[in-house]
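Position 1 is the first residue of the sequence, and the numbers go up from there. Worth knowing before you read on, the calculation uses all heavy atoms, side chains too, and leaves out hydrogens, waters and symmetry mates. Every number for a ligand or one of its atoms is a count from 1 in the order of the listing.
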Amino acid sequence: MRRTPPWWRDAVAIACWVSALVVLLLWVSGRGLQLLGSGPADLLISVGRLTGLVAADLLLVQVFLMARVPIIERSYGQDELARRHRLVGFYSFNLLLAHIVLITVGYTLRDHSDLLRETWTIVTAYGGMLLAVAATIALTAVAVTSVRVARKALRYESWHLLHLYAYVGVGLSIPHEIWTGQDFSTSRLAQVYWWSAYALAAGAIAFYRVGLPIWRTLRHGITVSSVVRESQDVVTVHLAGRGLHRLPVQAGQFFVFRFLDGPGWSRGNPYSLSAPPRHHRLQITAKDAGDSSRRLAGLRPGTKVLIEGPYGRLTGERRIGRRLAMLACGIGITPLRALLEDLPYSPGDAVLVYRARSSPDLVFREELEQLARDRGTTVHYVLGRRITDRKSWLPQEAAQWEDAAALEALVPHLSAYDVFVCGPDPWMDAISAAALEAGLPASQLHQERFSW
Ligand SMILES: Cc1cc2nc3c(=O)[nH]c(=O)nc-3n(C[C@H](O)[C@H](O)[C@H](O)COP(=O)(O)OP(=O)(O)OC[C@H]3O[C@@H](n4cnc5c(N)ncnc54)[C@H](O)[C@@H]3O)c2cc1C
């Protein structure tokens with residue numbers, strides 16, 4: 001597979017800024033600047049227009065970032081995209097609130113009315129405003145449930161379902177922009193820009209999030225071939241399908257899977273491939289973390305599988321040098337084991353540090369020892385309960401060690417390695433910090449988070 005050019009990241013960021021700049025210029029050309037000097041009412045209305053336009057633009061950027069456009073997805077990775085999506089959402093929602101307040105107060109001043117009466121007039125007398133109110137309610141529900149505390153209190157599926165209201169919000173706000181938005185109705189250029197932006201965002205979602213997954217699912221006809229228990233709470237699901245060599249997937253990537261095994265099948269869960277993809281088979285290995293992952297153990301051979309993906313950038317594409325260090329914790333071993341099997345390296349050039357609570361919690365032990373024998377991979381198991389009185393990647397048994405020193409002891413000359421990290425978030429943060437402290441350049445640190 002062709003390497004994703006690194007400049008794509010910058011190109012995407014520049015495109016987002018350019019879109020905001022275009023919106024600003026359209027506002028200027030719609031007398032936005034002149035109106036700033038025409039008294040307090042016009043000033044508030046004009047700034048209110050600008051905040052509304054930028055909020056709408058950022059909302060579309062948000063939708064586009066989550067459209068899973070492959071080149072964007074591979075440039076940033078799903079976890080970083082989700083973080084940026086949240087950040088853009090924060091600004092977009094606050095600008096939306098500013099838009100509502102500024103326009104309402106501005107119109108109140110202009111009409112010498114009172115705030116309540118003016119609010120009522122705006123909502124009932126202007127075209128598309130009732131829909132805009134519904135859009136605001138939908139977007140507020142999404143914003144409130146995305147605040148960390150609220151999100152933690154909700155089941156993932158409930159949160160995700162609520163999150164889909166953002167699309168409803170975007171859709172419902174369009175009539176208000178067309179019918180009452182001064183910029184939209186007076187400028188041909190603005191119409192071309194906004195219709196193109198809406199078409200691009202809707203097209204990307206329809207194609208990449210709906211069309212492509214359906215097409216790939218039908219083309220490859222993936223089914224479960226067997227389920228093997230790896231440990232008390234971990235199973236491997238072996239999958240078979242037609243022409244899987246035509247799937248543009250690499251070791252280290254993941255799919256969102258839906259297993260057609262009865263009620264609840266519509267919940268999609270992301271799992272990394274736990275072995276390199278082969279012509280007719282794929283495999284995933286999952287830990288029992290809740291309802292959906294628990295069901296995997298009971299899957300019957302022949303169960304049909306819907307796939308979305310492949311996604312993820314924890315692949316050999318990101319490798320810069322010759323040596324590889326894989327740092328895994330718990331079920332984070334899955335993509336790293338696939339990479340260790342798949343990537344080329346000479347004996348002695350690859351090290352695996354595998355952290356688990358106890359020996360029975362280790363999965364793929366046989367396969368890893370086979371790798372050590374056949375390919376000269378160095379494997380270190382780091383076992384024990386976690387340290388509770390400081391943030392550390394080490395177990396209690398090694399509490400006397402400094403984090404960076406312990407890592408260097410296991411992987412001497414760490415800074416000469418490409419380091420791939422996967423595991424629970426706090427552990428990843430601790431070991432990544434230790435690796436950087438040990439002198440690893442940030443460009444050689446490659447991570448995939450199992451949480452968005
Ligand atoms: C990129 C990626 C790759 C992953 N690879 C693996 C893997 O190889 N093996 C493995 O065991 N686990 C993997 N996971 C984690 C796995 O997706 C979750 O454990 C699983 O979805 C939990 O679902 P549940 O219904 O069993 O548990 P729940 O109780 O519903 O969820 C437990 C936690 O998992 C997270 N989660 C649930 N559903 C989703 C979802 N659809 N998308 C993202 N996060 C979700 C939530 O943060 C939740 O707090 C991966 C996650 C990501 C994001």
If you measure from each non-hydrogen atom of T285 to ligand 1, which part falls under 4.0 Å: side chain, backbone, both or neither? backbone

Check each of R74, Q250, R216 against P310 using the side-chain contact (heavy atoms from CB on, under 4.5 Å) test, and report the only one that passes. R216

Could you work out, for atom 32 (C) of ligand 1, the closest of C422, G290, S274, A289 by heavy-atom distance? A289

In ligand 1, which numbered atoms sit nearer than 4.0 Å to a non-hydrogen atom of F254? 1 (C)

Here the atoms of ligand 1 under 4.0 Å from any heavy atom belonging to G268 are 40 (C), 41 (N)

Show the atoms of ligand 1 that are less than 4.0 angstrom away from any heavy atom in S292. 24 (P), 25 (O), 26 (O)

One finds that the ligand 1 atoms under 4.0 Å from a non-hydrogen atom of T334 are 7 (C), 8 (O)

Measure from atom 23 (O) of ligand 1 to every heavy atom in V235, I284, N269, I333 and give the option owning the shortest one. N269

Determine, considering heavy atoms only, which of Y271, F450, Y156, F257 sits nearest to atom 39 (C) of ligand 1. Y156

Can S274 and T285 be said to form a side-chain hydrogen bond (donor to acceptor under 3.5 Å, both in side chains), step by step? CA-CA 6 Å; S274 58; T285 300; 2.7 Å; yes

Counting from 1, what ligand 1 atoms have a heavy atom of A286 closer than 4.0 Å? 9 (N), 10 (C), 11 (O)

Relative to the heavy atoms of S293, which atoms of ligand 1 are at a distance of less than 4.0 Å? 24 (P), 26 (O)

